[in-house]
Structures are given as structure tokens and as C-alpha cells.
Participant: 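Okay, here's the structure, questions in a sec.
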Protein chains: 2
Amino acid sequence: MKNLDVEECCKGDSVKLKQLKELSEYLKIISDVNRLQILCLLKKGERCVCNIHEPLGLPQNLTSHHLKALREAGLVLTRREGKWIHYRVNSDRINYFTNLYNLIVSGGEYEDQGIGAGMCQLQEAGG
Amino acid sequence: MKNLDVEECCKGDSVKLKQLKELSEYLKIISDVNRLQILCLLKKGERCVCNIHEPLGLPQNLTSHHLKALREAGLVLTRREGKWIHYRVNSDRINYFTNLYNLIVSGGEYEDQGIGAGMCQLQEAGG
DNA sequence: CTAATATATCAACAATCATTGATATAACTA
DNA sequence: TAGTTATATCAATGATTGTTGATATATTAG
């Protein structure tokens, strides 16, 4: 093995690994094309389930399944109005994970969401 | 079904759907915890495979497998030096997908990568 | 040439997850 | 009340994918 001062990024440090797992689960949720399409629709405004699954050409139960995943991840919020349940994007949560993404994967910039200072360490400190 | 002017975002428009699929595949690649850890390490600088799989405690063949996925997605680049193959992050490619992510999922801001103008339509135009 | 090291590949297995069909729940309407 | 609409749940299936063990390739050292 080539001699190198191995800093052991991401290993043994439960806090950092926890954040990596958190990001990983978010990315898994949004990496499905149908769920990305749903988020696209909802970014334009609140919609009931009909007005999600019909324009996208997805079965109602499949759409409900994906909405459940997005809901459980906190990425969308709901509001009942009579027979209808309206879904909308939870921007705060999306922004939170976007900051996490930017800190871990992309550069180091971030908006104020309270996860900035500690996260920068992820690139430097050892476990 | 509730009456609503359905714009049919993301449906029937091959260009937009293609970009959604492109983003989807990128997100799938980076949504694995081990691959995220590898990217974390490589962000600090070039590394041979030993200096990736040993500090992370991953089997060599598993690491090779994940590196192949990252390589085929263009997210990392390689350089041979004797027995060793050094891996490094392909920042341009990461930035490209980060812009795609920001346009589709997050807000609308983006850096100059040539995919800006068309992508904003994704939120507005119909199929 | 032979041995050792670094990395990649392949086949098999296990686990995860998207999709489908059927059914249940909830709310409104007649 | 019964019937209709909107949405959710459940079980089963199929596809994808992460993981492992064994083996192959490539490079250097002796």
C-alpha cells in the first residue's frame, strides 16, 4: 500500500457518518424518476392526488405509494379539503438537504440552516 | 377530479424527461453511503484504491465495484502510476449535475454550465 | 522467469424497491 | 340509507443492485 497520511474521513465518526446516511436516504428518495416528476409538479403549487397522477399518466395507487415515501421523508406536506388531499413541497426540508448535499458532495457553500459549521469538518477531521 | 388547469409538467416532452432521467441516474449513483464516503475521501485529493478501501474498512473488490460505478458515471477520473491507479473527483461533472439538481429540485439558481436557459422551462411549460 | 502487490472482473446471493391488482377507508351526494 | 369519488393500504411479483468469494490481469521486485 502506498504510504500516505490517511486521515480516515467519514470513518468511526458517528456524527459524520450519520449525516452521510441522512443525505443518502434523501438522495434515494428523490432519485426515482416518478418522484422527481411529482416534485416538479408540486414546485408549481399545491395539487390534489388526481392532478398529480393523471397528468403524469401514473396509476393512482403507484402515485399514492410514491407520495407516501415523499411524505415520510418530510419532503411534502398535506392538507385535506373535503374529499381531496392536497400535496405541496416542504421547501424548508428540501433546502435543509440541499445544504447537506452542497457541503458533502458539491463545494462548501451553504445557506443558513444551522448545519454549516460542523459539516465543513467532514472534509478535514479524522474519526 | 378537481378542476385545475393542468400544465402537464414533465410529460410528453422528451427533452425535459431526458434531463429528469439524467438527474435520476446521477442521484442513484451518489445515493449509496459507501460511494458518498468514497467521494468524501477523494474530495480531499487524489488517492489509490488501497488508500480508499482500507481507511473505509471496505473489501477491495467491493470498493473496485463502486469505483467502477463512479467512473462510468464520469464522476471520478483515474491515472495510473506504476502498480497504483489513482482516483480523483471530476469536479466539472459534479458541478454539471449539481446545476441540474438545483434547477429541477432546489431553487432556480445555477452556475454557467450551458444548461440554464432551457431548464427553467421545466417548471413552466407543458408537454 | 517467478513471486508478490494492486486492481479489476465474474458469478452467485441477498436485499431492496418499483410496480400491479385488489381491497379498504374516508368524505361527499342523492 | 346506499352509491360514488378520492385516496390509502396490502400482498405478490419482478427488476435492480449491493455484497461476497473466487479468480484474472497488470505491474514491479527478486
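Quick note on labels: first sequence line is chain A, next is B, and so on, each numbered from 1.
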Participant: Would one find a side-chain N or O of B/Y87 under 4.0 angstrom from OP1 or OP2 of C/dA8?
Facilitator: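 The answer is yes; a side-chain N or O of B/Y87 sits under 4.0 Å from OP1 or OP2.
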Participant: For A/H53 and D/dT7, give me the distance from atom NE2 to atom C1', rounded to whole Å.
Facilitator: 10 Å
Participant: Rounded to the nearest angstrom, tell me the gap between atom CD1 in B/I52 and atom C1' in C/dA8.
Facilitator: 14 Å
Participant: To the nearest angstrom, how far is A/R47 atom CZ from D/dA6 atom P?
Facilitator: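 Value for this atom pair: 16 Å.
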Participant: Whole angstroms only, please: what is the CZ-P distance between A/R80 and D/dT5?
Facilitator: 17 Å
Participant: When the distance from CG of A/L36 to C1' of C/dA18 is rounded to whole Å, what number comes out?
Facilitator: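 A/L36 atom CG is separated from C/dA18 atom C1' by 14 Å.
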Participant: Could you tell me whether the side chain of A/I30 reaches within less than 4.5 Å of the side chain of A/F97, counting heavy atoms only?
Facilitator: no
Participant: Quick one: side chain to side chain donor-acceptor pair (under 3.5 Å) partners of A/S31, sequence neighbours excluded?
Facilitator: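 None.
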Participant: With sequence neighbours left out, write down each residue that passes salt bridge (Lys or Arg N to Asp or Glu O under 4.0 Å) with B/R93, or none if nothing qualifies.
Facilitator: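 Partners of B/R93 by the salt bridge (Lys or Arg N to Asp or Glu O under 4.0 Å) criterion come out as none, since no residue qualifies.
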Participant: Taking all heavy atoms of B/I38 and all of B/L70, pick out the closest pair and write down the distance.
Facilitator: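 The pair with the smallest heavy-atom distance is CG2-CD1, 3.8 Å.
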Participant: Can you name the side chain to side chain contact (heavy atoms under 4.5 Å, CB included) partners of A/K83, sequence neighbours left out?
Facilitator: none
Participant: What's the CG-P distance between A/N51 and D/dT5, to the nearest Å?
Facilitator: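 Spelled out: CG on A/N51 to P on D/dT5 is 16 Å.
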Participant: Who are the side chain to side chain donor-acceptor pair (under 3.5 Å) partners of A/R71, not counting sequence neighbours?
Facilitator: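 In terms of side chain to side chain donor-acceptor pair (under 3.5 Å), with neighbours along the sequence ignored, A/R71 is linked to A/Y87.
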Participant: For A/R88, enumerate each residue passing the salt bridge (Lys or Arg N to Asp or Glu O under 4.0 Å) test, keeping only those at least two apart in sequence or located in another chain.
Facilitator: none
Participant: Kindly write out the residues that satisfy side chain to side chain donor-acceptor pair (under 3.5 Å) with B/T98, not counting sequence neighbours, or none if the list is empty.
Facilitator: A/Y101
Participant: Round to a whole Å and report the spacing from CH2 of A/W84 to P of D/dA8.
Facilitator: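 It is 14 Å, rounded to the nearest whole Å.
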Participant: Show each protein N/O and nucleotides 2-4 of chain D N/O combination with a separation under 3.5 Å, one pair to a line.
Facilitator:
none

Participant: So if I define the base as every atom that isn't primed, P, OP1 or OP2, how would nucleotides 11-22 of chain D read as a B/S/- string at a heavy-atom cutoff under 4.0 Å?
Facilitator: -------SBBBB
Participant: Could you state the atom-to-atom distance from NE2 of B/H86 to P of D/dA26 in whole Å?
Facilitator: 19 Å
Participant: What pairs of donor and acceptor atoms, side-chain ones from residues 57-65 of chain A against any protein atom, are under 3.5 angstrom apart with sequence neighbours left out?
Facilitator:
residue : atom : partner : partner atom : Å
A/T63   : OG1  : A/P59   : O            : 2.9

